[in-house]
Q: 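For reference, the structure I am asking about is given below.
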Number of protein chains: 2
Amino acid sequence: MSSDLDTVFAALADPTRRAILAMLLEDDMAVTDVAEPFEMSLAAISKHLMILTKAGLISQEKRGRVKWCKLEPDALRSASVWMQGFGQFEPVNLDAFERFLESQLPLADDT
Amino acid sequence: MSSDLDTVFAALADPTRRAILAMLLEDDMAVTDVAEPFEMSLAAISKHLMILTKAGLISQEKRGRVKWCKLEPDALRSASVWMQGFGQFEPVNLDAFERFLESQLPLADDT
DNA sequence: GCTTTGGTCAACCATTTGGTTGAATATGGA
DNA sequence: TCCATATTCAACCAAATGGTTGACCAAAGC
């Protein structure tokens, strides 16, 4: 009864986790590097990454002592299917998305 | 820093609330009628409806002593924009969505 | 071998969440 | 007017969430 939509949407409900996903959109990253821009302990980021992993939104692979995080956008598919059905939204162009992301990212201007 | 994406995704993270949205896709409903299929108090459903309302996913209008709930699919737009950017998902046809919904709705077969 | 670096684990804490119940507040109908 | 219906409110509860700290473990570097 609790589908994977639960975990995916719950994972997306946190701004830190969405920011992490946006960062990983650029490139794969090590855990420490993911954590760097946030004013938060490494352990906290580690937990967020675990939640994203369990939701299938990222994967983590350990090479040497470094654990690499990789975006897995396919996990968004079923959630996207679910959502789009409500509005018959037209496909979104990436320019709009890029602008949106930039207005959302708390990292560039920090606090 | 906590955007409306927080509230929208958090609202969508609960299966009861997603089921409610799916019900409202059919037609507007009174609170009592929304609650009917669930094995849960009316007060609990009322809370869920409040969360959906605050997320902008539904609106509620009181006519007489009955409060009508109405789907507001536009609230999904920004969330949809955010998500689609990750996968460049093609637009979803409604047939697929319908099938998906039916496989997800916990109400028909209950437990 | 030691020390540093990268990351997780465990225990803890405050807050939020999702549910309950019972009382309260309208409104509508007889 | 009196009663039933529709819905919320308030208090409470258990469990989950998001964060902290300090100890721990594994892999590199010297």
Side-chain angles (χ1 to χ4, degrees), chain A residues 1-21 23-24 27-55 57-70 106-107 110-111, chain B residues 1-21 23-24 27-55 57-70 106-107 110-111:
Chain A
M1 188 160 301
S2 97
S3 72
D4 52 357
L5 285 179
D6 287 33
T7 24
V8 170
F9 281 130
L12 294 178
D14 185 280
T16 302
R17 289 193 291 265
R18 287 198 308 276
I20 291 175
L21 292 178
M23 291 165 62
L24 291 177
D27 207 351
D28 298 359
M29 295 179 79
V31 172
T32 308
D33 294 335
V34 169
E36 198 271 331
F38 298 95
E39 294 180 339
M40 192 183 300
S41 72
L42 189 58
I45 295 295
S46 184
K47 280 190 188 179
H48 281 304
L49 291 172
M50 186 55 60
I51 290 170
L52 289 169
T53 301
K54 281 185 177 157
L57 290 164
I58 67 169
S59 59
Q60 295 179 280
E61 184 199 355
K62 195 166 183 178
R63 282 203 293 276
R65 64 180 163 182
V66 173
K67 204 169 193 179
W68 291 91
C69 306
K70 179 177 170 6
L107 310 175
D110 202 24
T111 37
Chain B
M1 192 158 298
S2 98
S3 72
D4 52 358
L5 285 178
D6 287 34
T7 24
V8 169
F9 281 131
L12 294 177
D14 185 281
T16 302
R17 289 193 291 264
R18 287 199 308 276
I20 291 176
L21 291 178
M23 291 165 62
L24 291 177
D27 208 351
D28 298 357
M29 295 179 79
V31 172
T32 309
D33 294 336
V34 169
E36 198 271 332
F38 298 96
E39 294 180 339
M40 191 183 301
S41 71
L42 190 57
I45 295 293
S46 184
K47 280 189 187 179
H48 281 303
L49 291 172
M50 185 55 60
I51 290 170
L52 289 170
T53 301
K54 280 184 176 159
L57 290 164
I58 68 169
S59 59
Q60 293 180 283
E61 185 199 357
K62 194 164 183 180
R63 281 201 294 276
R65 64 180 164 182
V66 173
K67 204 169 192 177
W68 291 92
C69 305
K70 178 176 171 5
L107 310 174
D110 205 21
T111 34

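Please read all numbers here as calculations on a predicted model, not as lab measurements. Atom set for the values below is all heavy atoms of this structure, side chains included, hydrogens, waters and symmetry mates excluded. Order of the sequence lines sets the chain letters (A, B, ...), proteins ahead of strands, with each chain counted from 1.
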Q: Whole-Å distance between C/dT8 P and A/Glu61 CD?
A: 14 Å
Q: Under 4.5 Å between any side-chain heavy atoms of A/Phe9 and B/Arg18, yes or no?
A: yes
Q: At under 4.0 Å between heavy atoms, what does B/Ala43 touch on the DNA or RNA strands: base, sugar-phosphate, or nothing?
A: base
Q: What's the closest nucleotide to the side chain of B/Thr16 if the choices are C/dT8, D/dT8, C/dG19?
A: C/dG19
Q: Determine: side-chain N/O of A/Lys47 to OP1/OP2 of D/dT17, distance under 4.0 Å, yes or no.
A: no
Q: Please report the distance, rounded to the nearest Å, between CG in B/Leu42 and C1' in C/dA26.
A: 14 Å
Q: Of the nucleotides C/dG18, D/dG19, D/dG18, which has the atom closest to the B/Ile51 side chain?
A: C/dG18
Q: So what does A/Met40 hit on the nucleic acid, given a heavy-atom distance under 4.0 Å: a base, only sugar-phosphate, or nothing?
A: sugar-phosphate
Q: Calculate the interatomic distance between A/Asp6 atom CG and C/dT17 atom C1'; express it in whole Å.
A: 13 Å
Q: At 4.0 Å (heavy atoms only), tell me whether B/Arg63 reaches a base, stays on the sugar-phosphate, or touches nothing.
A: nothing
Q: Just one of A/Val31, A/Ile45, A/Ile20, A/Leu21 clears the side chain to side chain contact (heavy atoms under 4.5 Å, CB included) bar with A/Cys69, so which one?
A: A/Val31
Q: Of all the nucleotides listed (D/dT7, C/dG28, C/dA11), which has the minimum atom distance to the side chain of B/Arg65?
A: C/dG28
Q: B/Lys62 near the nucleic acid: base, sugar-phosphate alone, or nothing, with a heavy-atom cut-off under 4.0 Å?
A: nothing
Q: Between A/Ser46 and C/dT8, is there a side-chain N or O to OP1/OP2 distance below 4.0 Å?
A: yes
Q: Looking at the side chain of B/Ser41, which of D/dT8, D/dG19, C/dT20 is the nearest nucleotide?
A: C/dT20
Q: Check every atom of C/dG18, D/dT7, C/dT8 against the side chain of A/Gln60 and return the nucleotide holding the closest atom.
A: C/dT8
